[in-house]
Amino acid sequence: MFLRNKKRGLISLVTILLLSVVLSACGGKNNNEIAQTGASNSPLPKATDEAMEDKLKPYELVLYFFGDPQKDTELIEQKVNEYIQPKINASVKINFVPWGEADQKIPVFLASGQKIDVLFAQAGHMVPLATKGALNPVNDLLEKHGQDVLKSMYSKFLDLTKVNGQNYGIQNPKEIASQWVLRFNEPLLQKYEIDASSVTSIASAASVLKQFKEKDPTIYPIEPTRQAAWYVPFDYVMNENVPFGMVYEPVASDGKIVSLWETPEAQQALETMREYYKAGYIRPDVATYNRPESEEQAGNWLTGISGGIPTAEVIWSNRAGFDVSYKPVEKPIVTTNAVMGSMLTIPMTSEDPERAMMFINMLHGDVYLHNLFVYGIEGVHYEKVSDNVVRDLPARKERWNTGWFQFGNGFITYLTEADPADKWEQFKKFNDEAQVSPLVGFMFDPTPVQAEIAAIQNVSAEVRLPLITGSVEPEQFLPKVNEKLKAAGSDKVIAEMQNQYDAWKATQ
Amino acid sequence: MLFNAGLVPFYMMVTQVLNLKDTIWALILPLSVNAFYIIVMRTFYRTTIEEGMIESAKIDGAGDFSIFVRMVLPISLPGIATIGLFSALAYWNDWFNAMLFIDKQELTPLQYMLSRIQSNLQYLLENTDSLSTSNAMTIANLPQETIRMAMVVVATVPIVLAYPFFQRFFIQGLTVGSIKG
């Protein structure tokens, strides 16, 4: 009797287990579908034409920016509300999502139908959300309510950032390009009376390095960072650990995705680095050396390559504690990540996209409102030194410390005392000079080749640093690297990238 | 445990039906019942508590309630302690619920703070080019490695200390010889 009971129990348990496995598999799938359709099916923006007819109804705008939650959020909300209430009859609720979690949280928020009116986004967030249909296209809205926005955005922004023929992101104007520069330790240059003004490339820095090494053999002149003095004009489809993309100087015009290590440009750069390494310009253990921050401040370095923007010397000098200058080694280059580095979007879950657009327009045109978001409240978080120059008070760092580039028109941001007066003119010039990478606007979806990409990243982790620091002989090492990459599936990944690139190009 | 509707319905349930967003209950309720623990406990009862013991208590005149309190509970202490330890660990290590539901700083659990620092750091390192301007500033604000390691130690110590206290409940052979024949 007992035994039979047990047996029956066992059978039913097994059945339940089996059933549940089957069911939960279905569940998982459904769930994805819900997540996707949920977002696209969410109530369409109610025609706001009626709302516009007489006057605007009161409305609460829910804003999501990135960063850690700030203590003075409510205080800022109050001030913002006081200011925008009379103008667009709206109030705001400010939220922050920590940088590293946005990828996980934002899609859940939107799929669950949670109301968000204005959402900060970068390329990596905007494109997948737009493809899923979770964002409102902004072209018409811009025409209607975004006059100030259209004036302040980078002129080619809308052309470069279309997803399936429409625009979903509104640029927060700032620098749209990046540029590799060689930075120099000014006091050391002066001490040994070395002239670095003729440096325009890594190769042309050779004479400076040579002079320095002769005068002071105790210091390795090149900074032992993860970048050392490595420069190739190459734009990656994903990032430097998946070394596939296109050369942009001279611009690759054939539209073919290639492997970095097979380009003549990379081979040239590898040889230069190897020369420098052999000449003793960089410490021999650089590939495994983890440079402590204090070493930068100690000043026992002469030069190194770094991502630069106008006025970067101010930031570097502040951090190092002595004068740091820089010389560009290329023209500024517009890349996907730089041009889409800071955008505001209007999700489908917004109940009043037009109002959201009006608000974004104010962030672009209204100096007071924009700076309220950036610096906080005058007298509490900052004080004014002159008309557009401010000084932080301690409360700014403790209670309202936000990423300044998220809140609309960066070019109307007040300057700090360390900034040159023409900071924003320099930025605009930088933007205008920039050349466009052939990959701009293209976002790769790595899901079909995830396993291969993981394997390739492992190979990169192993070979990249020894190669770019000149620690190994490129002639012997490079063929092995290419073999390893092939074994890891580089052909498949490049083919997939090419497919997606061609498909994307066709929609442009 | 086996059936799971997924993240989005879970999120909707907690925030829109139960209205628990930004409350401490969002950290407590989702972890309070776990199907796996129930199965563990059930198996534990089935294997350690013999029919005969309950019968003997009945013969001595005990009712259902006093059988439960005076016989079953004391014998199942090791099981309860195990589940207690599991739950304690689960609550202590939980950062995911906090990530989804907690925006208020004063409710942020330690583990969530650690994971946030880690994920932010990761993000900044991966996206240095798109954040170039603010990069220098933001990285300067991040805690150094030493401080992060100190936080890890602080986060581990309480749970390591808890172990010896649970140890005394893990007694073997509690019921050896309770049934004869």
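In what follows, every chain begins at residue 1, and chains take the letters A, B, ... in the order their sequences are listed.
Among all heavy-atom pairs drawn from A:P98 and B:R116, the shortest one is CG-CD, 3.2 Å.
Contacts of B:F96 with chain A are made by side-chain atoms alone, with heavy-atom separations under 4.5 Å and no backbone atom involved. Residue contact with chain B, scored on non-hydrogen atoms closer than 4.5 Å, is absent for A:D103.
The 12-atom threshold is exceeded at CG of B:D60, counting heavy atoms of other residues, nucleotides or ligands nearer than 6.0 Å. Other residues, nucleotides and ligands place more than 12 heavy atoms under 6.0 Å from the CD atom of A:E295. The 12-atom threshold is not exceeded at CE of B:M113, counting heavy atoms of other residues, nucleotides or ligands nearer than 6.0 Å.
Rounded to the nearest 0.5 Å, atoms CG (B:L100) and CD (A:E101) are 9.0 Å apart. Atoms NZ and OG1, from B:K104 and A:T73 in turn, are 12.5 Å apart once rounded to the nearest 0.5 Å. Here the CE atom belonging to B:M99 is positioned 6.0 Å from the NZ atom belonging to A:K105, to the nearest 0.5 angstrom. Annotation: the span from A:D68 atom CG to B:T108 atom OG1 amounts to 9.0 Å, rounded to 0.5 Å.
For residues 11-25 of chain B, the interface with chain A (any heavy-atom pair closer than 4.5 Å) comprises B:Y11, B:M12, B:Q16, B:K21, sorted by residue number.
Annotation: side chain of A:S112 is not in contact with side chain of B:F10 (no heavy-atom distance under 4.5 Å).
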